[in-house]
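One structure follows; several queries about it will come next.
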2 protein chains.
Amino acid sequence: MFSKACEYGIKASIFIAINSFEGKRVSPKEIAEEIDSPQAFTAKILQALVRHGVINSVKGAYGGFEIDKKDIALIKLSQIVNAIDGDKIYNGCGLGLHTCDENRPCPVHDKFKVVRDELKHMLEHTSLEELALNIKSGASFLKTIT
Amino acid sequence: MFSKACEYGIKASIFIAINSFEGKRVSPKEIAEEIDSPQAFTAKILQALVRHGVINSVKGAYGGFEIDKKDIALIKLSQIVNAIDGDKIYNGCGLGLHTCDENRPCPVHDKFKVVRDELKHMLEHTSLEELALNIKSGASFLKTIT
DNA sequence: TTTAATTAAGACAAATTTATCTTAATTTAA
DNA sequence: TTAAATTAAGATAAATTTGTCTTAATTAAA
Ligand code: SF4
Ligand code: SF4
């Protein structure tokens, strides 16, 4: 369903959001350590998120990645997934089957559509803010205990 | 979510089921043509399905792939997915995130769990029989018009 | 203005998935 | 028993995804 790139992108965005709440910028190194991901690969994904306007980057000393505080509540998981994996969840089958014609559905369509639509709805209604708050409250975690 | 292998495996199984209802065995060539998949790769997937006991194969003249008529209603999508992609839907995150500890969930857990559980339930409750009947009734199709 | 700190970009490499090809093993029927 | 028809298996190749490394571009501060 989701690529590794997407998984790292989601977690990275959450970590950046948490820090942006406190006015702190973070580096790819910090991010990769915190979400337990390969650093250089994570940096690539961050570049894509910047290009798509999901996060901001500031170069030079005291630079790093950040998200506008006022945007954190507005950014939905769907935007992150779209920035990294493209629009395949919207074009055709959200479950990885071939793109299809609703008027000529494949045999599993009716069954899969229910799941796909729920996934889509969830991605479009889950904000970075609520995920970040879950971390801050200690209800969830970005990586396992070492 | 699902690999190409899994997609081909599902469609192939449905096609075999349709033919087995009529007592006909089918070859990898016929199957690949009917589901619009690469033949040799499809043959590999069929081998895996045979090894896992989802379908039967008969070698030699007048051989081919088939499914016991009485089994068609009992085989669930989950068995096919398991035969090809393994048990990753059951171990850890069904949405492709890392395996995780329910007691130490990642930030998207509560949101994803709903979708994952629905997917799992659907796979475990959808039989080859109902999918095959959908094709036979003309309600669904195995490939697009050429 | 220079320097140090940082992200951006692109070339490269490794791993995995997808796909093909060749040969072996099996089975049925003539 | 032989020949033809078939699936099984393994080697190989291509494509994609994941991951790394090096260099360039940018920025802020001293
Ligand atoms: S499940 Fe529906 S959306 Fe997915 S490939 Fe089949 S017909 Fe298309
Ligand atoms: S969504 Fe839940 S099951 Fe999936 S990785 Fe996160 S904690 Fe694990």
TODO: Check whether any side-chain heavy atom of B/Leu74 sits under 4.5 Å from a side-chain heavy atom of B/Ser127, and report yes or no.
DONE: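 Not in contact.
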Task: Out of D/dA8, C/dA19, D/dT18, whichever nucleotide has its closest atom nearest the side chain of B/Ser57 - done: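 Looking only at side-chain atoms, B/Ser57 lies closest to D/dA8.
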Identify each atom pair where a protein N or O and an N or O of nucleotides 9-16 of chain D are less than 3.5 Å apart, giving names and distance.
from: D/dA9; atom 1: N7; to: B/Lys44; atom 2: NZ; distance (Å): 3.1
from: D/dA9; atom 1: N7; to: B/Gln47; atom 2: NE2; distance (Å): 3.3
from: D/dG10; atom 1: N7; to: B/Lys44; atom 2: NZ; distance (Å): 2.5
from: D/dG10; atom 1: O6; to: B/Lys44; atom 2: NZ; distance (Å): 3.0

Open item on the list: Less than 4.0 angstrom from a charged side-chain N to a carboxylate O is my criterion; do A/Lys111 and B/Glu130 meet it?
Closed with: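 Looking at B/Glu130 together with A/Lys111, the answer is yes, because their closest N to O distance falls below 4.0 Å.
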Open item on the list: Using a 4.0 Å cut-off on heavy atoms, which residues in residues 13-32 of chain A reach DNA chain D? List them by number, or say none.
Closed with: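 Contacting residues: none.
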- [ ] State whether the side chain of B/His125 and the backbone N or O of B/His121 hold a donor-acceptor pair below 3.5 Å, judged by distance alone.
- [x]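 Yes: the side chain of B/His125 pairs with the backbone of B/His121.
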Open item on the list: Quick check: A/Phe2 with B/Phe112 (ring centres under 6.0 Å apart)?
Closed with: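 Centroid distance B/Phe112-A/Phe2: below 6.0 Å, so yes.
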TODO: Any chance you could lay out the side-chain contact (heavy atoms from CB on, under 4.5 Å) test for A/Glu124 and A/Lys76, step after step, and finish with the verdict?
DONE: CA-CA 6 Å; A/Glu124 288 173 352; A/Lys76 301 296 191 298; 5.6 Å; no
Open item on the list: Checking contacts here: which listed nucleotide (C/dT26, C/dT28, D/dT20) is nearest the side-chain heavy atoms of A/Ala40?
Closed with: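 The closest nucleotide is D/dT20.
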TODO: For B/Val50 and for A/Gln39, locate the closest nucleotide of DNA chain D by heavy-atom distance; then report the residue assigned to the nucleotide nearer the 5' terminus.
DONE: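 Mapping each residue to its closest nucleotide by heavy atoms, the 5'-most match is B/Val50.
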TODO: Ignoring the backbone of B/Phe65, work out which of D/dT20, D/dA8, C/dT20 is nearest its side chain.
DONE: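 That would be D/dA8.
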Task: Given D/dG19, D/dA28, C/dA8, the nucleotide with the shortest approach to the side chain of A/Tyr8 - done: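 The answer is D/dG19.
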